[in-house]
Amino acid sequence: MRGYTDRAEAGRALAETLVSRNLPDPVVLALPRGGVPVGIEIARALRCPLDLVLVRKIGVPGQPELAAGAVVNGDHPETVINEVIAAHAGLDRAALDRLAAVQIDEIRRRRAAWLAGRTPVPLAGRTAILVDDGMATGATMHVALKAARRRGPARLVLAVPVAAADALDRLGPLADEVICPLAPAWFGAVGAYYDDFRQVEDGEVATMLAEADRLMRDADRP
């Protein structure tokens with residue numbers, strides 16, 4: 001099954017579909033780092049703001065790759081706990097809160113580095129479009145969708161260039177609309193659907209976000 005040359009091409013493919021929807025008052029929310037090159041193509045096409053959704057895994061002490069949950073940025077950070085793993089690791093609510101606090105501090109640090117202190121774009125009453133470069137299990141997007149919904153958008157759209165079909169089935173009910181051009185039943189890894197899937201560096205993220213901010217300022221000028 002054909003994939004994409006790179007994330008920019010994937011973003012343009014999504015943008016073409018999203019433009020045809022005539023979505024009112026859109027905001028693009030990208031999951032860094034890989035979602036940002038996808039998201040900026042959509043923001044350019046829709047002439048709308050680009051912001052970040054920062055999600056951090058809550059790792060089990062001594063086994064940081066084993067996720068007891070995840071936390072996402074916001075005025076009221078959203079935390080999703082894997083109750084089975086947390087119980088197996090002997091983590092009570094107080095311990096989970098302490099671990100989550102560490103990740104919330106890291107989210108704040110990264111947001112400051114990438115967005116140079118810019119405040120989050122308001123979502124209330126707007127169309128929020130959550131974007132990543134692909135979705136295998138959907139665990140990160142799950143918590144991102146829940147957090148975005150809490151911020152009161154009028155419409156919540158999940159837009160990814162490629163995703164596992166079962167992940168879309170699980171997350172579809174959390175969004176008002178799902179846009180995904182490629183959804184193979186047998187998935188593998190996101191990178192398999194890109195010719196160029198190199199890591200996106202911090203400097204590239206900051207540059208693209210600054211460009212998006214500049215485009216919005218220019219659009220506001222008479």
Side-chain angles (χ1 to χ4, degrees), residues 1 3 10-11 13-32 34-36 38-39 42-43 46 48-58 67-87 96 100 103 107 120-190 193:
M1 183 179 293
L14 288 175
E16 186 175 352
T17 299
L18 287 161
V19 166
S20 71
R21 295 290 199 274
N22 292 315
L23 299 167
D25 204 8
V27 178
V28 176
L29 301 172
L31 276 71
V36 177
V38 179
I42 298 170
L46 297 181
C48 72
L50 172 65
D51 204 349
L52 298 179
V53 178
L54 291 129
V55 180
R56 294 285 296 174
K57 179 168 55 181
I58 301 172
V71 62
V72 64
N73 66 297
D75 295 333
H76 304 284
E78 179 79 28
T79 303
V80 174
I81 301 301
N82 185 318
E83 300 291 351
V84 174
I85 291 177
L96 288 165
Q103 299 306 326
I107 283 171
V121 177
L123 297 187
R126 306 182 73 166
T127 300
I129 305 169
L130 265 72
V131 176
D132 204 354
D133 54 11
M135 201 167 66
T137 67
T140 301
M141 186 61 78
H142 180 194
V143 67
L145 285 164
K146 289 187 68 175
R149 181 69 79 182
R150 281 183 55 171
R151 294 172 62 188
R155 188 166 184 79
L156 186 57
V157 178
L158 167 59
V160 287
V162 60
D166 58 345
L168 288 177
D169 289 341
R170 287 194 304 273
L171 297 191
L174 299 179
D176 298 306
E177 183 175 359
V178 175
I179 297 171
C180 181
L182 293 178
W186 186 90
F187 188 75
V190 172
Y193 299 90

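- In this structure, A68 and I85 approach most closely via the heavy-atom pair CA-CG2, 4.0 Å.
- Among all heavy-atom pairs drawn from G172 and V178, the shortest one is CA-CG2, 3.9 Å.
- Each of V28, V27, L18 was checked for a side chain to side chain contact (heavy atoms under 4.5 Å, CB included) with C48, and the lone residue meeting it is V28.
- Using a 4.5 Å cut-off on side-chain heavy atoms (C-beta onward), R21 and T127 make no contact.
- Minimum heavy-atom separation, G138 to L171: O-CD1, 3.5 Å.
- Using a 4.5 Å heavy-atom cutoff, the side chains of V71 and I107 are in contact.
- R56 is linked by a salt bridge (Lys or Arg N to Asp or Glu O under 4.0 Å) to nothing, counting only residues two or more places apart in sequence or in another chain.
- A100 and I58 make their closest contact through CB-CD1, 3.9 Å (heavy atoms, listed as atom of the first residue, atom of the second, distance).
- Within the model, atoms OG1 of T140 and CG of L54 stand 11.5 Å from one another, a figure rounded to the nearest 0.5 Å.
- The heavy-atom pair separating P181 from L14 by the smallest distance is CD-CD2, 3.7 Å.
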Residue pair R126, V121: steps toward the side-chain contact (heavy atoms from CB on, under 4.5 Å) verdict
CA-CA 10 Å; R126 306 182 73 166; V121 177; 3.6 Å; yes
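- Between I179 atom CD1 and L168 atom CG the span is 12.0 Å, to the nearest 0.5 Å.
- Sorted by first and then second residue, the ring-ring contact (aromatic ring centres under 6.0 Å, His included) pairs with a member in residues 168-187 read F187-Y193; sequence neighbours excluded.
- In this structure, the salt bridge (Lys or Arg N to Asp or Glu O under 4.0 Å) partners of D166, at least two apart in sequence or on a different chain, are R170.
- For D176, the side-chain hydrogen bond (donor to acceptor under 3.5 Å, both in side chains) partners are R149, not counting sequence neighbours.
- L52 is listed as a side-chain neighbour of V36, based on a closest heavy-atom distance under 4.5 Å.
- Summarising the geometry, atom OG1 belonging to T79 is positioned 9.0 Å from atom CG belonging to L96; distances are rounded to the nearest 0.5 Å.
- For the atom pair CD1 of I129 and CG of L23, the computed distance is 5.5 Å after rounding to the nearest 0.5 Å.
- With sequence neighbours left out, the side-chain hydrogen bond (donor to acceptor under 3.5 Å, both in side chains) criterion links D133 to R7.
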Identify all side-chain donor-acceptor contacts of residues 152-163 below 3.5 Å with residues at least two apart in sequence or on another chain.
residue: R155; atom: NH2; partner: E177; partner atom: OE1; Å: 3.3

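- Between V38 and G34, the closest heavy-atom pair is CG2-O, 3.8 Å.
- A 4.5 Å side-chain heavy-atom check between L123 and D51 finds every atom pair outside the cut-off.
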